[in-house]
S.K.: 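Take this structure, written in C-alpha cells, and hold onto it; I'll ask about it next.
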Amino acid sequence: MSTPPTRRDQIAAGLDDVRHRIAEAASTSGRTADDVTLVVVTKFFPASDVRLLAGLGITDVGENRHPEAGDKLAESGDLGLRWHFIGGLQSNKAAVVGSYADVVESVDRIKLVNALNRGAHERAHPVDVLLQVSLDPAGTEGRAGADPQDLSALADAVDGSGMLTLRGLMAVAPLDEEPRAAFDRLAAVHASFVAERPEATWLSAGMSNDFEEAIGAGATHVRVGSAILGARPSIK
Ligand SMILES: *Cc1c(COP(=O)(O)O)cnc(C)c1O
C-alpha cells in the first residue's frame, strides 16, 4: 500500500515544476534561471507552508494583506526569509507594513511613501521598494498602480524618504489582454525608467498563469502562488 503524499511532497512537486519552467523560459530568451528570483505567494496558506518552503530552498515569500502578512511573519521570523508585500495598501496600514516588510512592491502613490518610511524608521530597518505601474488604460475600474508618467515623481519621493530604497517596478497583467503584449509595454516603461534610475533594475511581473511570458519580457522577479501551493481557499 502506498502512503499518501505529505504536504511537503506536494509543495516540492509544485516547486520542481515551476523551477523547471522558469529555467526553460529563461533559456528561451537567452537568460538563465539565476536571473529570475522566485517569490512564492503564500497568502491564504498557513505559516507551516512557509516553513516547508524555506526547507525547500525558497528565500522570498509574498503576502498581499495586512494583518495576515505580519501574523505569518511573526510565526516565521527564525527562517531568515525576505518578505515581499505585494498587495493593495491603505495609507493607514502602510506604516505598520513598513515596520515588518523587507520589500514593498505595491507603492503607487506618495502618501504610501511617507507612511512606509515612518514604519521603516520605527524598526530602524531599510525597506526595498518597487513602484507598481498600471498596465490598464486610464479610467479602468479598480485600477491598481501608478500611471507611467507619475513614476518619476514617486521615485523622487522614495529617494528623499531616508529609509526606503528604490529597486524597480512591479505590474500585474490586465485580465483582458494577451499577457506578453502587456509585459512588452511594461518592459518599455522599465527601460526608460532605468535610463533615469540605473539602480532600479528589478522588474516584478508574472504570476502562475503568465510567468513564462513575463520572463520572456525581462522579469527579474516572478510572484507565483497557486502553481506551487495549489488552489487557494476562496476569498473570505
Ligand atoms: C495572489 C497574487 C499573486 C500570485 O497569484 P497566483 O495566480 O496564485 O500565482 C501574484 N501577484 C499578486 C499581486 C497577487 O496578489
Side-chain angles (χ1 to χ4, degrees), residues 7 10-11 13-22 25 36-47 49-50 52-53 56 58-73 81-90 93-94 97 101-109 112 116 128-136 140 142-146 167-180 182-183 186 189-190 202-236:
R7 181 63 176 149
Q10 289 173 348
I11 294 177
L15 206 48
D16 203 45
D17 175 55
V18 167
R19 280 175 168 148
H20 277 104
R21 288 165 60 193
I22 288 172
V36 181
T37 300
L38 171 59
V39 179
V40 180
V41 178
T42 49
K43 66 191 187 201
F44 292 99
F45 290 101
D49 281 358
V50 173
L52 291 170
L53 286 163
L56 291 162
I58 287 300
T59 55
D60 291 72
V61 294
E63 285 284 335
N64 75 333
R65 295 192 308 179
H66 175 80
E68 180 185 350
D71 293 347
K72 225 173 279 180
L73 192 161
L81 295 169
R82 196 174 303 121
W83 288 74
H84 296 241
F85 194 90
I86 61 173
L89 199 46
Q90 291 165 274
K93 292 180 182 165
V97 169
D102 299 301
V103 186
V104 178
E105 300 201 6
S106 43
V107 175
D108 62 358
R109 53 194 194 280
L112 290 182
L116 287 168
D128 288 331
V129 160
L130 301 184
L131 306 181
Q132 184 173 353
V133 189
S134 176
L135 298 175
D136 291 307
T140 304
R143 187 175 192 250
R167 295 291 183 196
L169 303 180
M170 178 273 225
V172 177
L175 288 173
D176 56 358
E177 187 181 358
E178 180 57 44
R180 182 59 200 252
F183 292 140
L186 174 65
V189 171
H190 188 227
W202 297 11
L203 185 59
S204 172
M207 321 193 338
S208 289
N209 290 329
D210 56 18
F211 68 85
E212 286 140 314
E213 287 89 342
I215 290 168
T220 62
H221 291 66
V222 293
R223 309 176 307 269
V224 181
S226 46
I228 294 166
L229 295 170
R232 278 184 290 278
S234 53
I235 310 271
K236 290 166 217 165

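The basis for the numbers below is simple: all heavy atoms, side chains too, and nothing from hydrogens, waters or symmetry mates. In this text the structure is predicted, and so the values were computed from the model without any measurement. All ligand and atom numbering here is 1-based and tracks the order in the structure.
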S.K.: For ligand 1 and N209, I'd like to know whether there is a polar contact (N/O to N/O, distance under 3.5 Å).
M.R.: no

S.K.: For K72, which residues count as a side chain to side chain donor-acceptor pair (under 3.5 Å) partner, sequence neighbours excluded?
M.R.: E63, E68

S.K.: Decide yes or no on side-chain hydrogen bond (donor to acceptor under 3.5 Å, both in side chains) for S204 and E105, but give the supporting numbers first.
M.R.: CA-CA 8 Å; S204 172; E105 300 201 6; 2.7 Å; yes

S.K.: Show which atoms of ligand 1 fall inside a sub-4.0 Å distance from at least one heavy-atom site of S226.
M.R.: 6 (P), 7 (O), 8 (O), 9 (O)

S.K.: Pick whichever of I86, V41, V222, N64 has a heavy atom sitting closest to atom 13 (C) of ligand 1.
M.R.: I86

S.K.: Could you tell me whether ligand 1 has any atom less than 4.0 Å away from a heavy atom of E105?
M.R.: no

S.K.: Of the options L116, V104, V107, which is the one that meets F85 in a side-chain contact (heavy atoms from CB on, under 4.5 Å)?
M.R.: V104

S.K.: Using a 3.5 Å cut-off on N or O atoms only, is M170 in polar contact with ligand 1?
M.R.: no

S.K.: Suppose I only count heavy atoms of G225 and a 4.0 Å limit; which atoms of ligand 1 are within that range?
M.R.: 4 (C), 6 (P), 8 (O), 9 (O)

S.K.: What are the atoms of ligand 1, with element, lying closer than 4.0 Å to any heavy atom of V224?
M.R.: 9 (O)

S.K.: Just need the protein heavy atom nearest to atom 10 (C) of ligand 1, so name the residue and atom and give the distance.
M.R.: M207 SD, 3.3 Å

S.K.: For side-chain hydrogen bond (donor to acceptor under 3.5 Å, both in side chains), just list the numbers for D102 and H84, CA-CA rounded to whole Å, side-chain angles, deciding distance to a tenth of an Å, and then say yes or no.
M.R.: CA-CA 6 Å; D102 299 301; H84 296 241; over 6 Å; no

S.K.: Taking side chain to side chain donor-acceptor pair (under 3.5 Å) as the definition, give me every residue that meets it alongside N64, ordered by chain and number, with sequence neighbours left out.
M.R.: none

S.K.: Please could you name the atoms of ligand 1 that K43 approaches to less than 4.0 Å, counting only its heavy atoms?
M.R.: 1 (C), 2 (C), 3 (C), 14 (C), 15 (O)

S.K.: Please round to the nearest 0.5 Å and tell me the distance separating atom CG of L175 and atom CG of N209.
M.R.: 10.0 Å

S.K.: Salt bridge check: are R167 and D128 linked by an N-O gap of less than 4.0 Å?
M.R.: yes

S.K.: Going by the order shown, which atoms of ligand 1 are within less than 4.0 Å of some heavy atom of S208?
M.R.: 6 (P), 7 (O), 8 (O), 9 (O)

S.K.: Closer than 4.0 Å to some heavy atom of R223 - which atoms of ligand 1 meet that?
M.R.: 4 (C), 9 (O), 10 (C), 11 (N), 12 (C), 13 (C)

S.K.: Look at atom CG of D17 and say whether more than 12 heavy atoms of other residues, nucleotides or ligands are closer to it than 6.0 Å.
M.R.: yes

